[in-house]
2 protein chains.
Amino acid sequence: MSTPKPMRVQVEEYILDLQERIVSALEKLDPNAPSFKRDSWVRAQGGKGLSCVFAVPEASHSDAAAPVSVLEKAGVNISVVHGSLPPAAIKQMRVEHSSIPYDPNTTTALPFFASGISLVIHPRNPHAPTVHANYRYFEITESEDSEKGPGRVIAWWFGGGCDLTPSYLYEKDAIHFHETLKNACDPHGTAIYPAFKKWCDEYFFIPHRQEARGIGGIFFDDLCDQTHARLADDVARPRTPEDIFAFVRSTGDAFIPSYIPILEQRINTAFTPRERRWQLIRRGRYVEFNLVYDRGTKFGLATPGARIESILMSLPETARWEYMSELGTEEGSEEEKLVRVLKTPEQWV
Amino acid sequence: MSTPKPMRVQVEEYILDLQERIVSALEKLDPNAPSFKRDSWVRAQGGKGLSCVFAVPEASHSDAAAPVSVLEKAGVNISVVHGSLPPAAIKQMRVEHSSIPYDPNTTTALPFFASGISLVIHPRNPHAPTVHANYRYFEITESEDSEKGPGRVIAWWFGGGCDLTPSYLYEKDAIHFHETLKNACDPHGTAIYPAFKKWCDEYFFIPHRQEARGIGGIFFDDLCDQTHARLADDVARPRTPEDIFAFVRSTGDAFIPSYIPILEQRINTAFTPRERRWQLIRRGRYVEFNLVYDRGTKFGLATPGARIESILMSLPETARWEYMSELGTEEGSEEEKLVRVLKTPEQWV
């Protein structure tokens, strides 16, 4: 019997394949548009990545013209990085991962390995929703021994999620999206979807607007073999690296069937300048969440030498801010219908 | 001899008058545009304000149309608020204002009073710069005595500044702007302009881009009768409330002559779609600074019950984010000329 591949290798292979499948599916949807730009990069401190980015900046300058492409801006990125975790960061991580040894007086850093896929897709049509997904694997090891190679893994976990941000609410789409995610979760434990759906609603919340960024999906972090803050100890759920990776693959594989049929349904809907305006106002809220609250973005911006272009790729091509806009406040309007759901998250399935 | 008016009353009268003068000057510049919307508001916890806002959201939806107005979005706001300062906030303020009594075991709040004028003007033409100005007065008093009325003032200070954010650099405009501010500062002490110009360059800096938001101006805070962190003790500078207020009036009055002539010069310049695109990218940077770093914005967003519409009025009507944009990177281009100055602030006068 051959030794199983280390998890970090399995994850890397999976996200590379998933990225390719997602980019192909998006390109197939719009054969006349330019293809995604493949941008591979190397991190001086250790690691590499491949950014697949869609943009048509010049052609899309004027909103008045007929849509030139299905997508307005999109990025499907993977990164596989490793490095050294300073004691302060280790201390922070110990809150959720008690297996990490930590001596308060130490000045020793520990090696880490992190890989993940992260995507944001902003379509052009106001009736087609923005989507975000992110799946990642994190490992901390003992310090490397020059003779024996990489040190023993002392902590590891998976995190991720996927959430939808429409400008106009189509209940049918919201149900399809949540149902697809639920169906991906349920075989791994029926407690998972409700717990991670709730976590998603809580995470993608804009306190100063008192509204959610979108209509949710799933969100999770720190999923490993230890006690989990969001899942009772006695519920059925994956606990081994292999089982959790199977769960993550299941949700990652669900991305295309959860989102592409919605895109296909909405990208040819006729829209008015008012609808485009509302879409851009909603994109403004997206910017507010990402710049003010998103942990990944804040962490990235505060990291010296971070790749800003990759971090801020999640921002839409265009966003609007109006003072006291009437859009979204007129009772019974389609805009207000969305806002109502953002203020009080619904159970879609 | 009559008792002089309390400073809080003098400041309130001044900012109300300055607001009116600035709004009139802007309206006179563009007589065919809609006038500013006057929006007065009352704060439940104590205080009031008057927001004067310019916006033409519907007409400006399409960038392709001929400019419909000189301004794209502008707000000239004043607020006069009072309330109660919790011990944690008092502790924070004591760093700069040692006259504030503070007992680490106290749970007593102290009354505060704050008034100020705050403005942001985003013109439509990419050759016309965005401007921001803010002048404010802060007071902390002893707790009110129901018999004697308002308590004695135990700490007070002025803060403020004014800075210019062009998308295209016209040295002539930069020199005019800085010169006007310098001329407003110099009669109150020649050390002031250099110190506050430097402070402005440092404050309006976007670390993750390693560039300034704009070409600066002046910025100051905590200006009172005590030792000042940015001005040596032996330099000539205003120290009494009346003298500092005279300095603040001088810089406040300089706003119209510092900015309006630049607007007049640039608002009819022909521009290309590329120039508009670059302007919107620069507005994206403006959003990044305001949402991620600006202390006032961050404080406002974190304040429960704050008036979000007033706080975020500083954001442009439209902003753009492009992945790896070539704009600003082409050596010798007008866009790159601006970026160079943002990376290394110049001495304009």
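In what follows, every heavy atom counts, from backbone to side chain, and hydrogens, waters and symmetry copies are set aside. Every chain is numbered from 1 and lettered A, B, ... according to where its sequence line falls, protein lines coming before strand lines.
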key: Validation row: A/Val287, B/Glu288 side chains within 4.5 angstrom (heavy atoms)   = no
inquiry  = With a sphere of 6.0 Å drawn around CD of B/Glu331, does it hold more than 12 non-hydrogen atoms of other residues, nucleotides or ligands?
reply    = no
task = Determine, stepwise, if the pair A/Thr318 / B/Leu280 fulfils side-chain contact (heavy atoms from CB on, under 4.5 Å).
result = CA-CA 8 Å; A/Thr318 316; B/Leu280 298 185; 5.5 Å; no
ask   = For atom NZ of A/Lys337, is the number of surrounding heavy atoms from other residues, nucleotides or ligands below 6.0 Å larger than 12?
value = yes
remark   = The interface call for B/Gln210 against chain A, heavy-atom contacts under 4.5 Å, is neither
query = So do the side chains of B/His208 and A/Ile311 get within less than 4.5 Å of each other, counting heavy atoms only?
reply = no
task = Salt-bridge test for B/Glu322 and A/Lys37: reply yes if a basic N is under 4.0 Å from a carboxylate O, no otherwise.
result = no
query = Say you draw a straight line from CG of B/Leu315 to CZ of A/Arg320; how long is it, rounded to the nearest 0.5 Å?
reply = 12.5 Å
inquiry  = Under 4.5 Å from any heavy atom of chain A, what part of B/Ile308 do you find: side chain, backbone, both or neither?
reply    = side chain
key: Contact origin within A/Leu291 toward chain B - heavy atom pairs under 4.5 Å   = both
request  = Check whether any side-chain heavy atom of B/Asp39 lies under 4.5 Å from a side-chain heavy atom of A/Tyr323, and answer yes or no.
outcome  = yes
ask   = Tell me, side chain or backbone of A/Arg209 under 4.5 Å from chain B's heavy atoms, or both, or neither?
value = side chain
query = Is A/Lys343 atom NZ crowded by more than 12 heavy atoms from other residues, nucleotides or ligands, each under 6.0 Å away?
reply = yes
request  = Look at atom CD of B/Glu330 and say whether more than 12 heavy atoms of other residues, nucleotides or ligands are closer to it than 6.0 Å.
outcome  = yes
Any A/Lys73 side-chain heavy atom under 4.5 Å of B/Trp321 side chain = yes
inquiry  = Among B/Ala55, B/Pro316, B/Pro207, which residue has the highest count of heavy-atom pairs closer than 4.5 Å to chain A?
reply    = B/Pro316
